[in-house]
2 protein chains.
Amino acid sequence: MTGQVRTVDGRVAGRRGQETRQKLLDCLREMLSTSPYRDVKVIDVARMAGTSPATFYQYFPDVEGAVLEIAEEMAKDSDTLKELVAGKSWAGKSGPTTSEELVDGFLAFWRKNDAILRVVTLGAAEGDKRFFKIRMTVLNSVAKPLAEAVKELQAKGQADKSLDPNAVSGALVSLLASAAEHQKAFTSWGVKVKDLKPNLAPLVYLGVTGKKAPK
Amino acid sequence: MTGQVRTVDGRVAGRRGQETRQKLLDCLREMLSTSPYRDVKVIDVARMAGTSPATFYQYFPDVEGAVLEIAEEMAKDSDTLKELVAGKSWAGKSGPTTSEELVDGFLAFWRKNDAILRVVTLGAAEGDKRFFKIRMTVLNSVAKPLAEAVKELQAKGQADKSLDPNAVSGALVSLLASAAEHQKAFTSWGVKVKDLKPNLAPLVYLGVTGKKAPK
DNA sequence: AACTTGTCCTGTCATGCCGTCAGCTTACCG
DNA sequence: CGGTAAGCTGACGGCATGACAGGACAAGTT
């Protein structure tokens with residue numbers, strides 16, 4: 001499945017080559033978290049990795065190509081987010097707990113992959129299909145099981161049937177993504193970061209079940 | 001208040017100069033809506049405006065400087081969003097209407113200023129204070145009056161008092177911004193653009209009042 | 001050890017954009 | 001008509017990009 005790692009000119013990379021390649025990826029990741037995407041230059045990444053720009057171009061077609069690689073790695077990692085929703089109960093007292101754990105887990109994941117997600121989000125917004133697909137993979141890891149949960153609740157008559165489960169789940173996931181991405185905005189509204197979870201969780205619960213959280 | 005328009009080297013711009021300057025801004029705006037921000041080059045903007053790169057640098061310190069100008073213009077325009085919330089009623093049957101008009105107006109504004117808002121959002125996410133401030137101006141035009149509305153409802157006992165009005169209003173505005181920014185994501189979840197409003201509006205109503213919308 | 005083979009890295013070069021400056025052209029005014 | 005300030009651009013040094021050829025290196029073979 002995982003095809004061999006290849007250089008741009010088609011050679012198969014060996015042990016040493018893969019190390020160099022990996023170091024370049026690591027340095028790029030580091031770079032992205034400390035300076036604006038627009039200002040990331042191949043020469044800086046190469047210098048940081050103790051190699052030359054020419055070497056960079058052996059392994060990646062350009063900066064964007066390397067960024068995509070990092071993003072795909074993260075997208076795979078996002079699979080673990082599924083478990084925040086799949087098989088969880090929204091009934092009774094466990095509902096609010098499920099909601100809280102979802103908010104918490106999602107925010108943590110976004111915080112962890114802050115820099116790369118920013119670039120992915122921009123690329124997606126600008127209409128780049130590859131970045132869009134990666135972003136959807138991440139969001140879907142939560143949105144899909146969440147839509148299922150809403151459908152189930154609707155079937156049991158425990159949620160408003162006039163709403164589209166996909167729209168509701170999509171909106172809630174968007175909310176989480178947006179909140180995660182712009183935590184600073186909340187700070188400037190006088191909402192402390194630690195107060196984010198207790199305020200978002202009821203909204204998610206409200207959105208999924210359509211009713212106020214029980215005490 | 002509106003000080004004279006000046007060139008980078010301090011001269012006062014006359015009629016002809018202001019025209020050139022404006023043409024450059026218009027071309028940059030056009031450029032931003034058709035190609036990724038990362039790829040916008042001074043030389044392309046200048047060429048499109050039928051002038052030379054050197055002229056661009058007479059009026060703007062760099063591309064970012066010009067982008068900021070466009071963004072500030074848009075931020076001023078966002079003042080009109082206030083009226084989507086200020087003085088509106090959330091009680092009885094008018095509540096859902098208020099909610100729908102808010103969603104509609106907000107999405108329309110975002111759609112209209114799509115390209116520049118994308119750049120502003122990225123800049124803000126990357127920690128640039130100037131872009132952050134502009135983004136807050138836009139969001140606050142809705143968030144402030146919305147928080148007031150929540151406070152009023154809480155005072156009248158018509159909303160859950162355990163929630164922070166600023167957090168609730170912030171979360172809802174974030175939701176709207178995120179939905180506006182990534183309308184394509186909803187499409188890929190099988191939610192049509194025209195179905196966005198009827199699905200977001202109940203969520204906003206739910207968030208503000210804490211209860212299900214009346215029939 | 002000498003040789004061979006295939007991987008890996010870099011020096012160098014042409015190209016193109018950036019950002020600046022001196023200096024030319026244009027417009028306005030007395 | 002001449003002076004002055006605004007307006008514009010050609011040209012240049014600097015730097016990132018991306019292609020290439022050739023040298024360095026590791027590992028196996030004789």
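Just so you know, these numbers come straight off a predicted model, no measurement behind them. Quick note on labels: first sequence line is chain A, next is B, and so on, each numbered from 1.
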Pair Lys82(A) + Asp79(A), salt bridge at N-O below 4.0 Å: yes
Heavy-atom protein contacts under 4.0 Å, nucleotides 24-30 of chain C, coded B base, S sugar-phosphate only, - none: ----S--
Cationic N near anionic O, under 4.0 Å, Asp26(A) to Arg29(A): yes
Partner set under side-chain contact (heavy atoms from CB on, under 4.5 Å) for Lys112(B), not counting sequence neighbours: Asp77(B)
Salt bridge (Lys or Arg N to Asp or Glu O under 4.0 Å) contacts in which one or both residues fall within residues 138-151 of chain B, not counting sequence neighbours: Glu148(B)-Lys151(B)
Of residues 18-43 of chain A, the positions that come close to DNA chain D - non-hydrogen atoms, cut-off under 4.0 Å: Lys41(A), Val42(A), Ile43(A)
Gap between atoms CG and P, on Asp9(B) and dG19(C) respectively (whole Å): 16 Å
Which atom of Ala49(B) lies closest to which atom of Leu24(B), heavy atoms considered: CB-CD2, 3.8 Å
Nearest-Å distance for atom pair CD/C1', residues Glu64(B) and dC18(C): 15 Å
Proximity to DNA chain D (any heavy atom under 4.0 Å), residues of residues 45-61 of chain B only: Thr51(B), Ser52(B), Ala54(B), Thr55(B), Gln58(B), Tyr59(B)
Heavy-atom side-chain contact between Leu102(B) and Leu172(B) under 4.5 Å: no
Least distance between heavy atoms, Ala177(A) atom then Trp110(A) atom: CB-CH2, 3.8 Å
Atom NZ of Lys133(B): over 12 foreign heavy atoms under 6.0 Å: no
Salt-bridge contact Glu64(B)-Arg38(A) (side-chain N to carboxylate O under 4.0 Å): no
Phe131(B): ring-ring contact (aromatic ring centres under 6.0 Å, His included) partners, not counting sequence neighbours: none
